[in-house]
There are 2 protein chains.
Amino acid sequence: MDPGTQPPARLRTTPSWLLTQTAAHAGRLVADGLGAVAARGYHYRLLAALHEGGPASQADLGRRCGIDRSDVVAALNELATRDLIRRDPDPDDRRRNVITLTPAGRRELHRMEQALDHVQTTLLAPLSGPERAELTRLLTALLDHHQQPR
Amino acid sequence: MDPGTQPPARLRTTPSWLLTQTAAHAGRLVADGLGAVAARGYHYRLLAALHEGGPASQADLGRRCGIDRSDVVAALNELATRDLIRRDPDPDDRRRNVITLTPAGRRELHRMEQALDHVQTTLLAPLSGPERAELTRLLTALLDHHQQPR
DNA sequence: ACACCAACGTTGGTGACGCCAACGTAGCAG
DNA sequence: CTGCTACGTTGGCGTCACCAACGTTGGTGT
């Protein structure tokens, strides 16, 4: 039909464009999947970090998840109103709060993971098993390299 | 030092997390690189599309770049005030504007590309040549697959 | 004991990106 | 002529990421 309705070739071969575009699609899928269980990325990251690392302070959670302290506050507020986490003052350090995953939070985390499993499937549909592993490896290498000065 | 300050393992092996995180880093690098020449992603995409495809309507540009019509308007306004593009009414279809790249716009596009070349280098630093090609191939496959219903 | 600095949680604001709804205008098909 | 579609424009919303500032608390140096 109408020619030139394709993305510019220079963009289509530029890794940064590819990354941001695929990430946009991935983000859309993730947002949809999490939205189906009334959650968003920050919620999942925080709950997953709590599940793996156990109770932690908000600052610790932020560092683990790569989320700014101020954004951790807001996300935890939302999780707390749904009773998915508990926020208790730390008796050993009165500056801190101890964030604890509640049973309901564990259940919600499980639902989120199911939704995300489905997202992975559809996202990686065009890739073979070895290709998925290779993609994971390459992205991990990029991430590790650029995350050293944290 | 303090253990458990690592991202959760489940996140670190999840492709969608890897994509969004690497994309966040890539986006940061791109934004910094383009910011050094007083531009942002939308500006680069639009100028690149104009350079490759020649003058076009705003709706066409939006389709080519994957940018919403309304966002095209704002970005073109910014480019127009810097005289990087011209916006003329289309005599053949009075609904449309014909967007044309000016010589100054071509120069700015060149500066942006230089900045982005540098970004690619630092972004892909940890990968070998074949690995970069493979990453590009995998991302392209993902993008093509998920862009069919456009 | 004191002053100093660092860390914590919190509030508020900014920007980029992506998306959607609505409007008036203009082209096109029936 | 009547609709339907496309176009440009305005305005708004949500997510993610980041920064500045404040008061409180902990730890350190002197």
Side-chain angles (χ1 to χ4, degrees), chain A residues 1-2 5 16-17 19-35 38-46 56-63 65-78 80 85 87-99 147 150, chain B residues 1-2 5 16-17 19-35 38-46 56-63 65-78 80 85 87-99 147 150:
Chain A
M1 299 294 157
D2 41 14
T5 311
S16 63
W17 157 270
L19 262 179
T20 54
Q21 284 305 294
T22 50
H25 279 277
R28 197 167 9 224
L29 290 174
V30 168
D32 287 354
L34 289 180
R40 51 197 185 94
Y42 282 6
H43 299 148
Y44 171 66
R45 290 197 225 171
L46 291 168
S57 71
Q58 300 184 188
D60 252 34
L61 285 176
R63 279 186 289 265
C65 301
I67 303 179
D68 191 84
R69 299 203 308 273
S70 56
D71 299 319
V72 171
V73 174
L76 288 183
N77 285 342
E78 295 158 4
I85 57 124
R87 189 197 245 131
D88 305 303
D90 187 339
D92 297 344
D93 187 339
R94 301 217 305 275
R95 293 172 301 178
R96 304 186 183 182
N97 292 333
V98 178
I99 309 301
Q147 258 181 353
R150 168 156 297 192
Chain B
M1 296 293 157
D2 42 15
T5 311
S16 62
W17 158 270
L19 262 178
T20 55
Q21 286 303 296
T22 49
H25 279 279
R28 198 167 8 226
L29 291 175
V30 168
D32 288 353
L34 289 180
R40 52 199 185 88
Y42 281 6
H43 299 149
Y44 171 66
R45 290 197 225 172
L46 291 169
S57 72
Q58 300 182 187
D60 252 35
L61 285 176
R63 279 187 289 265
C65 302
I67 304 179
D68 191 84
R69 299 203 309 273
S70 56
D71 299 318
V72 172
V73 174
L76 288 183
N77 285 342
E78 295 158 5
I85 56 121
R87 190 197 246 131
D88 304 303
D90 187 338
D92 297 346
D93 187 339
R94 300 218 305 276
R95 293 173 300 179
R96 304 186 184 182
N97 292 333
V98 178
I99 310 301
Q147 258 180 354
R150 168 159 296 194

Identify, with sequence neighbours excluded, every residue that meets side chain to side chain contact (heavy atoms under 4.5 Å, CB included) alongside Ala39(A).
Leu34(A), Val37(A), His43(A), Met112(A)

Which atom pairs, donor and acceptor, lie under 3.5 Å between side-chain atoms of residues 69-77 of chain B and protein residues at least two apart or in another chain?
from	atom 1	to	atom 2	distance (Å)
Ser70(B)	OG	Asp68(B)	OD2	2.6
Asn77(B)	OD1	Arg87(B)	NH1	3.0
Asn77(B)	OD1	Arg87(B)	NH2	3.1
Asn77(B)	ND2	Val73(B)	O	3.4

So which protein N/O to nucleotides 22-30 of chain C N/O distances come out below 3.5 Å?
from	atom 1	to	atom 2	distance (Å)
dG27(C)	OP1	Arg94(B)	N	2.8

Gln21(A) has its side chain closest, among dA17(D), dG18(C), dG8(D), to dG18(C)

Starting at the 5' end of DNA chain D, which residue's closest nucleotide do you reach first, Asp71(B) or Ser57(B)?
Ser57(B)

Asp93(A): what forms a salt bridge (Lys or Arg N to Asp or Glu O under 4.0 Å) with it, not counting sequence neighbours?
Arg95(A), Arg96(A)

Which heavy-atom pair separates Leu19(B) from Ala26(A) by the least distance, and what is that distance?
CD1-CB, 3.8 Å

I want to check one thing: is the phosphate of dT9(D), taken as OP1 and OP2, less than 4.0 Å away from some side-chain N or O of Asn97(B)?
yes

Kindly indicate whether the side chain of Asp68(B) and the base of dC17(C) share any N or O donor-acceptor pair separated by less than 3.5 Å?
no

For Thr20(B), which contact category applies under a 4.0 Å heavy-atom criterion: base, sugar-phosphate, or nothing?
nothing

Side chain to side chain contact (heavy atoms under 4.5 Å, CB included) with Ala56(A): which residues, sequence neighbours excluded?
Asp60(A), Leu61(A), Arg64(A)

Taking donor-acceptor contacts at under 3.5 Å, does the side chain of Ser70(A) reach the base of dG12(C)?
yes

Side-chain N or O of Gln58(B) versus OP1/OP2 of dA6(D): is the shortest distance under 4.0 Å?
no

OP1 or OP2 of dC7(D) sitting under 4.0 Å from any side-chain N/O of Arg63(B)?
yes

Would you please confirm or rule out a distance under 4.0 Å between OP1 or OP2 of dA17(D) and any side-chain N or O of Arg45(A)?
yes

How close or far is atom C1' of dC7(D) from atom CD1 of Ile67(B), stated in whole angstroms?
17 Å

Let's see if you can work this out: which of dA16(C), dC16(D), dG9(C) has an atom nearest to the side-chain heavy atoms of Arg40(B)?
dA16(C)

